[in-house]
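As C-alpha cells, the structure follows; a few thoughts come after it.
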Amino acid sequence: MTAPFDFIINSTDRKGGHILLGGDGRLYAIDNGLSFHCEFKLRTVIWEWAGDPLPADLAADVARMIDGGLPADVADLLTLLERDAVLARASALVGEACFPTDPSGRRHPWPLV
C-alpha cells in the first residue's frame with residue numbers, strides 16, 4: 001500500500017504516473033529523489049484512504065520498523081535528521097491508527113500526471 005509508505009518517507013511528488021504496473025502484475029512506485037526530507041512536505045495524489053483505519057498487519061509492520069530502527073542500507077543513505085523524521089512520521093502513523101488526512105486540500109502535486 002503506497003499511501004502509508006508515502007507518508008513515512010515524506011513523498012513530495014507522488015503523481016498517478018509515478019505508479020507503474022509491471023509485466024509481473026505488481027505495482028512499482030517510482031520516486032524522483034524528493035523524498036525523505038526532514039521538513040514535512042508530503043504531496044501526493046493518494047488520498048482515497050484518508051481517515052480510514054490503518055490495517056492491523058500494516059501497523060504491526062511499521063511498529064516493528066520503529067522498534068528495530070531503519071534498515072542499515074536505508075539509514076546509511078540518510079542524514080541523522082532525515083532518519084529521525086522518518087521514525088517520527090512512522091510513530092505518528094501508528095499512533096493515529098488511521099491514514100493521514102489533508103484538511104487544507106493543498107497537498108496535491110501539480111501537474112497531477
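Keep in mind the model is a prediction, meaning the values are calculated, not measured. Numbering starts at 1 and runs along the sequence shown.
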Check for me, please, whether Tyr28 and Leu21 land in the same ILVMFWY cluster - side-chain distances under 4.5 Å, paths through other members count.
no
Taking all heavy atoms of Leu70 and all of Met65, pick out the closest pair and write down the distance.
CD2-SD, 3.6 Å
Looking only at heavy atoms, what is the nearest atom pair of Val94 and Ala59, with distance?
CG2-O, 3.9 Å
Would a single hydrophobic cluster contain both Leu27 and Ile9, if residues Ile, Leu, Val, Met, Phe, Trp and Tyr are joined by side-chain heavy-atom contacts under 4.5 Å?
yes
Say you draw a straight line from CZ of Arg26 to CG of Leu20; how long is it, rounded to the nearest 0.5 Å?
13.5 Å
Identify the two heavy atoms, one from Leu78 and one from Glu82, that lie closest to each other, and give their separation to 0.1 Å.
CA-OE1, 3.3 Å
Treating Ile, Leu, Val, Met, Phe, Trp and Tyr as nodes and any side-chain heavy-atom pair under 4.5 angstrom as an edge, say whether Phe5 and Ile19 lie in one connected cluster.
yes
If we ignore hydrogens and angles and just use 3.5 Å, is the side chain of Asp6 paired with the main-chain N or O of Ser11 as donor and acceptor?
no
Which heavy atom in Arg89 sits nearest to a heavy atom in His37, and how many Å separate them?
NH1-O, 3.4 Å
Under 4.5 Å between side-chain heavy atoms, counting indirect links through other Ile/Leu/Val/Met/Phe/Trp/Tyr residues: same cluster for Phe40 and Leu87 or not?
yes
Heavy-atom closest contact (Ala29 atom, Thr2 atom, distance):
CB-CG2, 4.4 Å
Member of Val86, Asp84, Leu81, Leu80 meeting the side-chain contact (heavy atoms from CB on, under 4.5 Å) criterion with Cys38:
Leu81
Straight-line distance of Leu93 CG to Leu54 CG, nearest 0.5 Å:
5.0 Å
Restricting to non-hydrogen atoms, name the atom on Pro53 and the atom on Phe99 that form the minimum distance, rounded to 0.1 Å.
O-CE1, 3.5 Å
